[in-house]
Amino acid sequence: MQRFAVKLNAGGQVTLPPEVRDGIGARPGDELSLVLDGSHATLARAEPGLGRMREIARHARAAGATPDPGEDPIGDALVAEDERTKSRP
């Protein structure tokens, strides 16, 4: 186990040392997961989840992978949920 000291800037951001980024396989633009357990936080590379599945469904639809709604009920549900969450204020 390695420990690293980082500083929190005025905007609430920290810069991850290269050893940490490399250790978790993080690249610019990656989504990370931060889990708070009492006064301890654990940082990890986020596992692909619902957001990634929505993105895949959108790209598949845009490419014409499922031309008729109803042929792919899971994809339909993901796209509908994506549209619903986009409309939130």
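Model, not experiment: these values are computed from the prediction.
- Under the salt bridge (Lys or Arg N to Asp or Glu O under 4.0 Å) criterion, the residue pairs touching residues 37-46 are Asp30-Arg45, with sequence neighbours excluded.
- There is no path of hydrophobic side-chain contacts, each under 4.5 Å, that joins Leu8 to Leu36.
- Taking each heavy atom of Arg27 and Arg21 in turn, the nearest pair found is NH1-O, 4.4 Å.
- The line from NE2 of His40 to OG1 of Thr42 is 8.5 Å long, rounded to the nearest 0.5 Å.
- Contact between Ala44 and Ile24 at its shortest, heavy atoms only, is C-CD1, 4.3 Å.
- At a threshold of 4.5 Å between non-hydrogen side-chain atoms, the residues Leu43 and Ser33 do not count as touching.
- The environment of CD in Glu19 is crowded: more than 12 heavy-atom neighbours from other residues, nucleotides or ligands sit within 6.0 Å.
- Leu32 and Val35 fall into different hydrophobic clusters, where Ile, Leu, Val, Met, Phe, Trp and Tyr residues are linked whenever their side-chain heavy atoms come under 4.5 Å apart, directly or through other members.
- Residues Asn9 and Thr15 are not in side-chain contact: their nearest non-hydrogen atoms beyond the backbone lie 4.5 Å or more apart.
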